[in-house]
Amino acid sequence: MPNNTLIIWIIFGALMLLSFIVSRTLQSYFNKCSKIPTNDGLTGKDVAEKMLYDSGIYDVKVVSTNGSLTDHYNPTDKTINLSHDVYYGNSVVAAAVAAHETGHAVQHAHSYYWLTMRSKLVPPVSFVSKWIQWVLLAGIVFVNAFPHLLLIGIVLFALTTLFSFVTLPVEINASQRALVWMNSSNITSSQTHPKAEKCLRLAAYTYVIAALSSLATLMYYILVYTRRS
C-alpha cells in the first residue's frame, strides 16, 4: 500500500476513534446533565418559545417529533421539531438542545449566509447520497477499465464533503446564539450555565470530526484514482 494511502487510513482511523470517544463522552455528559433542572422548571418547549419571542420571531411553531436525537429546525414550514425528551424535559440538556435548534430559526430570520447556502445544498446532496456509495464501489472495481466512473464518484462525494464543512459554521453559530441568549435570559443559573455550554461544545465537536472524516475519505478516493495505473 502506498505511503500516502497508508497515512490517509491512519488519519481516518484516528478520526473514527476520536469520534467514538467524543460520542461516548457526549452521551455520558448528556445523561449527567439531564438530571439538572432549569430555572423555574422551564421545558424545552418553553425555552424555544421564549427565545423566539425574545428574538422577535412570531411565525415559527415549536412541535414535538417522534424518536430520539431527532431535534431539528425545518426552514420549509418554519417549525422547531423537538424530540419527546427535549420537548417535555426541563433539564439543562433539554434547554440547551431547544435553544440550539431555535438558534437555527434565528439564523433563518436574519438570512444567515451559511444557513442559506446549506439549505441550497440540501436537495442535490440528498439526491447524491442515494447513489454515491454504488458509484464509488463500481468506480473502484472498474477503476482501470472505466477510470472516469470513479472520477464521477469523487466529484459527487466532494459535494457531500462540502456540505459537511458548510454545516460547521451553521451549527457552531446556532450554539453561540443559544448560549448568549441562555446567559442573558436566566434560563440556567451561574452554576449550571457552564454545563449547558459544555453540552453544546461537545455536540459541535461531532460535526467537526464528521467533516474531517469526510475529507480524509475524499482524499483516499482521489489517491486511488491518481494511482490507478
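All figures in this text were calculated on a predicted structure; none of them were measured in a lab. These numbers come from the heavy atoms of this one structure, side chains and all, not from hydrogens, waters or symmetry mates.
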Item to check | Check: Ala210 main-chain N/O paired with Ser214 side-chain donor or acceptor under 3.5 Å | outcome: no

Checklist entry - Can you tell me how far OH of Tyr205 sits from CD1 of Ile172, rounded to the nearest 0.5 angstrom? => result 9.5 Å

Checklist entry - So, Thr160 side chain and Phe157 main chain: donor-acceptor pair closer than 3.5 Å or not? => result yes

Item to check | From CD1 (Ile132) to CG (Leu137), nearest 0.5 Å | outcome: 11.0 Å

Item to check | Remaining members of the apolar cluster that contains Tyr58, side-chain heavy atoms under 4.5 Å | outcome: Tyr53

Next on the checklist: For Asp59, I'd like to know if atom CG has over 12 heavy atoms of other residues, nucleotides or ligands within 6.0 Å.
Outcome noted: yes

Item to check | Set of residues satisfying side chain to side chain donor-acceptor pair (under 3.5 Å) with respect to Asp46, sequence neighbours excluded | outcome: Thr43

Next on the checklist: With a 4.5 Å cut-off on side-chain heavy atoms, are Ile222 and Ile154 touching?
Outcome noted: yes

Next on the checklist: Rounded at 0.5 Å granularity, tell me how far NE2 in His110 sits from OG1 in Thr116.
Outcome noted: 12.5 Å

Checklist entry - Can you list every pair that meets ring-ring contact (aromatic ring centres under 6.0 Å, His included) and has a residue in residues 69-103, with sequence neighbours left out? => result Tyr73-His108, His84-Tyr88, His100-His104

Checklist outcome for this item: Excluding Val180, membership of its hydrophobic cluster (Ile, Leu, Val, Met, Phe, Trp, Tyr; side-chain heavy atoms within less than 4.5 Å) reads none

Next on the checklist: So, using side chain to side chain donor-acceptor pair (under 3.5 Å) as the criterion, who are the partners of Lys50 when residues are at least two apart?
Outcome noted: none

Checklist entry - Below 4.5 Å, heavy atoms only, C-beta onward: do Asn173 and Tyr112 meet side chain to side chain? => result yes

Checklist entry - For the atom pair OH (Tyr225) and CZ (Arg227), what is the distance rounded to the nearest 0.5 Å? => result 14.5 Å

Next on the checklist: My understanding is that a hydrophobic cluster links ILVMFWY residues whose side chain heavy atoms are under 4.5 Å apart, including indirect links. Using that, what else belongs to the cluster containing Val92?
Outcome noted: Ile36

Item to check | Exercise: do Asp85 and Ser83 side chains pair donor with acceptor under 3.5 Å | outcome: no

Checklist entry - Sub-3.5 Å donor-acceptor pair from the side chain of Gln107 to the main-chain atoms of Val170, do we have one? => result yes

Checklist entry - OG1/Thr65 to CD1/Ile80 distance, rounded to the nearest 0.5 angstrom? => result 13.0 Å

Checklist entry - Is there side-chain contact between Met16 and Ser213, with at least one heavy-atom pair below 4.5 Å? => result yes

Next on the checklist: Just verifying a value: how many Å separate Leu168 CG and Arg118 CZ, rounded to the nearest 0.5 Å?
Outcome noted: 10.0 Å

Checklist entry - Going by atom types alone, do Trp181 and Asp54 pair a side-chain donor with an acceptor below 3.5 Å? => result yes

Item to check | Side-chain heavy atoms of Leu136 within contact of Leu150, under 4.5 Å | outcome: yes

Checklist entry - Transitively linked via ILVMFWY side-chain contacts under 4.5 Å: Tyr113 with Val122? => result yes

Item to check | 4.5 Å side-chain heavy-atom contact, Leu159 and Phe163 | outcome: no

Item to check | pair Glu101-Met51: side-chain heavy atoms closer than 4.5 Å | outcome: no

Checklist entry - Counting distance only, does the side-chain N/O of Ser28 pair as donor-acceptor with the main-chain N or O of Arg24 below 3.5 Å? => result no

